[in-house]
Amino acid sequence: MTFSAATIAQLAGGRVEGNAQAAVSGFGKIEEAQAGQLAFLANPKYEEYLYTTQASVVIVNETLELKQAVQATLIRVPDAYSAFAALLSQYEAMQRQMLSGREEPSFVHDTASIGNDVYIGAFAYIGKNVRIGNNVKIYPQVFIGDDVTIGDNTVLNPGVKVYHRCVLGKNVIVHAGTVIGSDGFGFAPQADGTFKKVPQMGNVVLEDDVEVGSNSTIDRATIGSTIVHAGAKIDNLVQIAHNVEIGSHTVIAAQTGISGSTKIGKGVMIGGQAGIVGHIKIGDGAKINAQSGVSKSLDNGKAVTGSPAYDYTSALRSQAVSRRLPELEKKVKELEAMIAALKAGG
């Protein structure tokens, strides 16, 4: 697909500075882009490349003041990074629109309800009483269990597994290899030292506009639902246990593990490799630093770090002090020697 600078400016809500008919058919980084590609400049550290780039069109901030002439056509927008991201999303959506129909071999149960403009890739499996909305994209080797509901415009990338009775809303994206609705880790200890499996009878609900990265796992509830609320974004390799609830517009970075029945508030930010125990509450807007171990509930807006995690500012002060311990130890020994000398002389 080829687009003119004028068309891109219209899509991005910007204005053209230069040749409005300059055409692009791909994207490139500003320092590497070639003729026929679209690039963007948001970080001032990369401004030097604006004057040497081979890109045909570059998206820049409205406020940028040029230091020298540029060869590329510019599109000025209020926020270059956001505008470029929006254009990428629109381009991706256009590409997906081109996917439709059912590839063979694949299996769709006779009782399944399939909406309009749905793409079903080869080797996909769709079980009994599944309900799939319009414009859903189901890539090859996806498994969708019985009684699953999937909303409009949702995308299931290759190898995704959605267990029975789970519910996915509209505009959900699930990346390759992720498992939605596998059994929660529920085992009752027995008197003889063995463990008896507790049946996991609930499901998983992903609300609208949720995105889940590759190879993540979201366990079904023992009873009720494990819920990821609207707009939450989950990175690769994240484990969300049974009956967890993730608030809207919360972001969770890779390799985080959240134990059962913990409730995460709205707009929470969780860094990579964080570990969160079960049956606690994380308040709205809380921030959990990477590799933190959270063992108790957090108030709204609380920022923590470390393991066990505690107040972020206090933790930084403690780290600063700990780095000075050898110096402080040396001073203590010097003071002790001085005191000892004074006592000996007295």
Mind checking the [atom1]-[atom2] spacing from [X] to [Y]? Nearest 0.5 Å is all I need.
{"X": "Ile246", "Y": "Ile234", "atom1": "CD1", "atom2": "CD1", "result": "6.0 Å"}
{"X": "Leu87", "Y": "Phe3", "atom1": "CG", "atom2": "CZ", "result": "9.0 Å"}
{"X": "Lys161", "Y": "Thr178", "atom1": "NZ", "atom2": "OG1", "result": "11.0 Å"}
{"X": "Asn243", "Y": "Ser261", "atom1": "CG", "atom2": "OG", "result": "4.5 Å"}
{"X": "Ile288", "Y": "Ile270", "atom1": "CD1", "atom2": "CD1", "result": "4.5 Å"}
{"X": "Lys263", "Y": "Ile280", "atom1": "NZ", "atom2": "CD1", "result": "12.0 Å"}

Subject >> From CA spacing to verdict: side-chain contact (heavy atoms from CB on, under 4.5 Å), His175, Glu211 >> reply: CA-CA 8 Å; His175 289 280; Glu211 183 162 351; 2.7 Å; yes
Original post:
So which of Ile276, Thr226, Ile218, Ile282 actually passes side-chain contact (heavy atoms from CB on, under 4.5 Å) with Ile258?
Top reply: Ile276
Residues, nucleotides or ligands: over 12 heavy atoms within 6.0 Å of [X] [atom1]:
{"X": "Met98", "atom1": "CE", "value": "no"}
{"X": "Leu328", "atom1": "CG", "value": "yes"}
{"X": "Met94", "atom1": "CE", "value": "yes"}
{"X": "Glu65", "atom1": "CD", "value": "no"}
{"X": "Phe187", "atom1": "CZ", "value": "yes"}
{"X": "Gln10", "atom1": "CD", "value": "no"}
{"X": "Lys170", "atom1": "NZ", "value": "no"}

Considering all heavy atoms of both residues, which atom of [X] and which atom of [Y] are nearest to each other, and what is their separation?
{"X": "Ser214", "Y": "Asn236", "result": "N-OD1, 2.7 Å"}
{"X": "Val118", "Y": "Ile132", "result": "CG2-CG2, 4.2 Å"}
{"X": "Val77", "Y": "Gly14", "result": "CG1-CA, 3.7 Å"}

In terms of side-chain heavy atoms, does [X] have a donor or acceptor partner in [Y] at a distance below 3.5 Å?
{"X": "Ser4", "Y": "Gln21", "answer": "no"}
{"X": "Gln273", "Y": "Gln291", "answer": "yes"}
{"X": "Thr73", "Y": "Asn19", "answer": "no"}
{"X": "Thr305", "Y": "Asn289", "answer": "yes"}
{"X": "Asn171", "Y": "Asp208", "answer": "no"}
{"X": "Thr313", "Y": "Arg317", "answer": "no"}
{"X": "Thr194", "Y": "Asp192", "answer": "yes"}
{"X": "Thr262", "Y": "Ser259", "answer": "no"}

Is [X] reaching over with its side chain to a backbone N or O of [Y], donor-acceptor style, under 3.5 angstrom?
{"X": "Asp209", "Y": "Ala230", "result": "no"}
{"X": "Asn300", "Y": "Gly283", "result": "no"}
{"X": "Thr111", "Y": "Asn129", "result": "yes"}
{"X": "Ser292", "Y": "Gly306", "result": "yes"}
{"X": "Asp311", "Y": "Ser314", "result": "yes"}
{"X": "Gln190", "Y": "Ala188", "result": "yes"}
{"X": "Arg220", "Y": "Gly202", "result": "yes"}
{"X": "Arg165", "Y": "Thr149", "result": "no"}
{"X": "Ser182", "Y": "Val179", "result": "no"}
{"X": "Asn134", "Y": "Gly115", "result": "no"}

Would a single hydrophobic cluster contain both [Y] and [X], if residues Ile, Leu, Val, Met, Phe, Trp and Tyr are joined by side-chain heavy-atom contacts under 4.5 Å?
{"X": "Val155", "Y": "Tyr91", "value": "no"}
{"X": "Val136", "Y": "Val130", "value": "yes"}
{"X": "Phe40", "Y": "Leu88", "value": "yes"}
{"X": "Ile240", "Y": "Phe185", "value": "no"}
{"X": "Val205", "Y": "Val148", "value": "no"}

Original post:
Going through the distances and angles, do Val162 and Leu168 end up as a side-chain contact (heavy atoms from CB on, under 4.5 Å)?
Top reply: CA-CA 9 Å; Val162 183; Leu168 280 62; 4.0 Å; yes
Original post:
How are the rings of Phe107 and Tyr125 set relative to one another: parallel (under 30°), tilted (30 to 60°) or perpendicular (over 60°)?
Top reply: parallel
Original post:
Should the ring pair Phe84 and Phe27 be called parallel, tilted or perpendicular, given that the plane angle runs from 0 to 90° and is split at 30 and 60?
Top reply: perpendicular
**OP:** Apply side-chain contact (heavy atoms from CB on, under 4.5 Å) to the pair Ile75 and Glu17, showing each step before the final yes or no.
**Re:** CA-CA 6 Å; Ile75 297 177; Glu17 190 174 293; over 6 Å; no
Presence of salt bridge, [Y] and [X], under 4.0 angstrom:
{"X": "Lys45", "Y": "Glu47", "result": "no"}
{"X": "Lys197", "Y": "Asp183", "result": "yes"}
{"X": "Arg131", "Y": "Asp147", "result": "no"}
{"X": "Glu62", "Y": "Arg76", "result": "no"}

**OP:** Might you work through the salt bridge (Lys or Arg N to Asp or Glu O under 4.0 Å) test for Asp110 and Lys128, ending with a clear yes or no?
**Re:** CA-CA 7 Å; Asp110 293 341; Lys128 299 177 183 177; over 6 Å; no
**OP:** Show which residues join Val60 in its hydrophobic cluster (side-chain heavy-atom contacts under 4.5 Å, direct or indirect), or state none.
**Re:** Ile30, Leu41, Tyr46, Tyr49, Leu50, Tyr51, Val58, Leu64, Leu66, Val70, Leu74
**OP:** Verify side-chain contact (heavy atoms from CB on, under 4.5 Å) between Lys266 and His229, making sure each step is shown before the conclusion.
**Re:** CA-CA 9 Å; Lys266 302 175 182 178; His229 286 288; over 6 Å; no
**OP:** Begin from the C-alpha positions of Asn153 and Asn135 and carry the test side chain to side chain donor-acceptor pair (under 3.5 Å) through to its verdict.
**Re:** CA-CA 5 Å; Asn153 305 311; Asn135 197 37; 2.9 Å; yes
Original post:
Could you walk me through whether Asp235 and Gln255 pass the side chain to side chain donor-acceptor pair (under 3.5 Å) check?
Top reply: CA-CA 8 Å; Asp235 200 359; Gln255 298 183 9; over 6 Å; no
**OP:** Could you give me the CA-CA distance, side-chain angles and deciding distance for Lys29 and Glu32, then say whether salt bridge (Lys or Arg N to Asp or Glu O under 4.0 Å) is met?
**Re:** CA-CA 5 Å; Lys29 297 192 295 184; Glu32 299 175 355; 3.5 Å; yes
